[in-house]
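Just so it is clear: chains get the letters A, B, ... in the order the sequence lines come, proteins before strands, and each one is counted from 1. Just so you know, these numbers come straight off a predicted model, no measurement behind them.
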Amino acid sequence: MRLTRYFLPVLKENPSEAQIVSHRLMLRAGMIKQASSGIYSWLPLGFKVLRKIEDIVHEEQARAGHIAIQMPTIQSADLWRESGRYDDYGEEMLRIKDRHGRDMLFTPTAEELVTDIFRAHVSSYKDLPLTLYQIQWKFRDEIRPRFGIMRGREFYMKDGYNFDISKEAALHAYNRHLVSYLRTYERMGLQAIPMRADSGPIGGDNTHEFLVLAETGESEVFYDSAVTDLRFGDREIDYADVAQCAGVLEEFTSRYARTDETHDEALFNGVPEERRRVARGIEVGQIFYFGTKYSEAMGATVQNADGKPVPVHMGSHGIGVSRLLGAIIEANHDDNGIIWPEGVTPFHCGIINLKQGDEAADGACEALYSALTAAGLEPLYDDRKERAGGKFATMDLIGLPWRITVGPRGLKNGVVELTSRRTGISEEMTPEAAVARVVEIYVPHLAAGRAG
RNA sequence: CGGGCUAUGGCGCAGUCUGGUAGCGCGUCCGUCUGGGGGACGGAAGGUCGCAGGUUCGAACCCUGCUAGCCCGACCA
């Protein structure tokens, strides 16, 4: 993309409404625009990152054997009355009446609808296990939206639902989700720590929240610092392997790690003092096993091997897709702007032409642009007739992890400059070497996507 | 939902107390000189001052009502 043809309305000054860094930077980098309280339009740069995150979630869901569907945002109240949640959910649920006066609602989650789909079409244990998921807009009418998209009213969320014949099978699904979530977050450059959590209105006993440590997090968290040393890495995983998935769960959840909701001071004191940490975290996902709560209320049964109807065991699992943008920025920024992890960056590499109109500089930039594009990468070429300072400031603000700087001075010696946004370290090299290096950097990230 | 506050050009703000031609900085557009971290100079566009009513010869400013948004708290993925 050439910046002169793109739509990137960056702001030099901080909008007064934004309090936390991710909100400020998203507004300044021209990623979002508030439409009303807690509701945002996604501008090109923000939308691009949102889709990158969404792609990673889809890829990892597919890898775990889960199946994508799409359910409506506006639902009839009838199903919600059937489960009893129409009254339980409270003011947070946005209720709407259609022209006939029928009660409708804007979905805050979809257990009822997916259970309705299931009971209509699945009747045999042979069709299990089954996990259906969607990535869809949700609405929760927060009393007080804040922190930009981190706590908006409208938000984009992956919600998945597993259907299994037994508690044992459903717990495997639970473990499988935990594993797939660890992979998902790690691909986004995030460390999200599973912590024992509270189930809230979803119900159920088994539940973990995934938290990204950040000073601006809304939850107070207590953990054994040993959990921050855990990495999923590139280990091979067989999602059908019950013992292996259970092993990962054990590895990642055996140490103390809880939010303030479930914090137990006595247990926490059992952690060696030098490893006890109290911090704040942003919740970016949660997994639940809730058994037969919805299947019994809504009659979602299958016939087992003996021909007897039994209610299915279910769980639901969410990833806050739009919220992840905020969490990623909270965890990856400096005074000059965002620093995108390679896995989610809107463009792989920036190209700065220090002297637009200079024949050598223009030509070298065009050649770099073509070479990167041909290698399957998306560069963002700042071809504006701006001064160098302005170009650097914009590039730093929008946070592309790699930047190639091209100027007449360097070109006289046959070199351009490759700079890491994260470390600030620059290296001079030939344009060909710079392209090769950038391509090499992205090889694992592109491969991770294809493998899904 | 309690408490506090705000609304003036795309963004940040002054002007309101004390009514009298709507301003500043940044950004945007045009031009010239520039050119390796937001440069200089010259020109220009852009605002029914959140909405409705009232007071007044005259309202961004005073009065009444409404709406929207922000912050703290409780709540929450």
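Residue A:Ala393 is in base contact, counting any heavy-atom pair closer than 4.0 Å across all strands shown. Here A:Gly410 lies in heavy-atom contact (under 4.0 Å) with a base. Residue A:Gln34 is classed as a sugar-phosphate contact, given heavy-atom separations below 4.0 Å to backbone atoms only. Nucleic acid contact for A:Asn14: sugar-phosphate only, since backbone atoms but no base atoms lie under 4.0 Å from a heavy atom of the residue. Contacts of A:Gly390 with the nucleic acid, taken as non-hydrogen atoms under 4.0 Å apart, include base atoms. When heavy atoms are screened at a 4.0 angstrom cut-off, A:Gly320 is found touching no nucleic acid atom at all. Counting any heavy atom pair closer than 4.0 Å across all strands shown, A:Gly152 reaches a base atom. Among the protein residues, A:Lys158 comes within range of no part of the nucleic acid, since none of its heavy atoms lies under 4.0 Å from any strand.
In this model, the phosphate group of B:rA68 is not approached by any side-chain N or O of A:Ser36 to a distance below 4.0 Å at OP1 or OP2. For the OP1/OP2 pair of B:rC70 and a distance below 4.0 Å, the side-chain nitrogens and oxygens of A:Ser37 include at least one atom meeting the criterion. Listed pair A:Arg146 / B:rC72 meets the phosphate criterion, a side-chain N or O lying under 4.0 Å from OP1 or OP2. Taking side-chain N and O atoms only, A:Thr405 has no distance below 4.0 Å to OP1 or OP2 of B:rG36.
A donor-acceptor contact under 3.5 angstrom links the side-chain atoms of A:Glu417 to the base of B:rG36. Residue side chain A:Arg153 does not reach the base of B:rC76 through any donor-acceptor N/O pair under 3.5 Å, judged by distance alone. Interface remark: the A:Arg151 side chain does form a donor-acceptor pair with the B:rC76 base, using a distance-only criterion of under 3.5 Å. Counting distance only, with no hydrogens placed and no angle test, the side-chain atoms of A:Arg387 and the base atoms of B:rG39 include a donor-acceptor pair under 3.5 Å.
Other residues, nucleotides and ligands contribute over 12 non-hydrogen atoms within 6.0 Å of the CD atom of A:Glu220. Around atom CD of A:Glu17, more than 12 heavy atoms belonging to other residues, nucleotides or ligands sit under 6.0 Å away.
Relative to the side chain of A:Arg409, the nucleotides B:rG36, B:rA74, B:rC76 differ in distance, and B:rG36 lies closest. Which of B:rC70, B:rG35, B:rG36 sits closest to the side chain of A:Leu354 comes down to B:rG36.
The nearest whole Å value for the distance from the CG atom in A:Leu3 to the C1' atom in B:rG38 is 14 Å. Atom NZ of A:Lys33 and atom C1' of B:rC11 are 12 Å apart (whole Å).
Taking the ring centre of A:Tyr86 as origin, the terminal cationic atom of A:Arg81 falls inside the region bounded by 6.0 Å and 45° from the ring axis. Geometrically, A:Lys48 engages A:Phe347 in a cation-pi contact defined by less than 6.0 Å to the ring centre and at most 45° from the axis. With A:Tyr369 as the aromatic partner, A:Arg2 meets the cation-pi criteria of under 6.0 angstrom to the ring centre and within 45 degrees of the ring axis.
Pair check for B:rG2 finds B:rC72; Watson-Crick or G-U wobble, both atom distances under 3.5 Å. Using Watson-Crick or G-U wobble geometry with both donor-acceptor distances under 3.5 Å, B:rC49 finds no partner in any strand shown. Across all strands shown, nothing is found opposite B:rG35 as a Watson-Crick or G-U wobble partner with both distances under 3.5 Å. Nucleotide B:rA7 forms a Watson-Crick or G-U wobble pair with B:rU67, both donor-acceptor distances falling under 3.5 Å. Taking a pair to require two hydrogen-bonding distances under 3.5 Å in either a Watson-Crick or a G-U wobble arrangement, B:rG23 pairs with B:rC13. With both pairing distances under 3.5 Å, B:rC61 is matched to nothing as a Watson-Crick or G-U wobble pair.
Checked against a 6.0 Å centroid threshold, the rings of A:His177 and A:Phe288 do not count as neighbours. Checked against the 6.0 Å centroid threshold, A:Phe118 and A:Phe163 count as a close aromatic pair. You'll find the ring centres of A:His348 and A:Tyr442 inside the 6.0 Å limit.
The closest side-chain heavy-atom distance from A:Val114 to A:Ile69 is below 4.5 Å.
In terms of position on RNA chain B, the residue among A:Glu17 and A:Leu397 whose nearest nucleotide sits closer to the 5' end is A:Leu397. The 5' end of RNA chain B is approached more closely, in terms of each residue's nearest nucleotide, by A:Gly389 than by the other of A:Gly389 and A:Arg323.
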What does the list of N/O pairs under 3.5 Å between the protein and nucleotides 22-31 of chain B look like, with a distance for each?
from   : atom 1 : to      : atom 2 : distance (Å)
B:rG25 : N2     : A:Glu13 : OE1    : 2.6

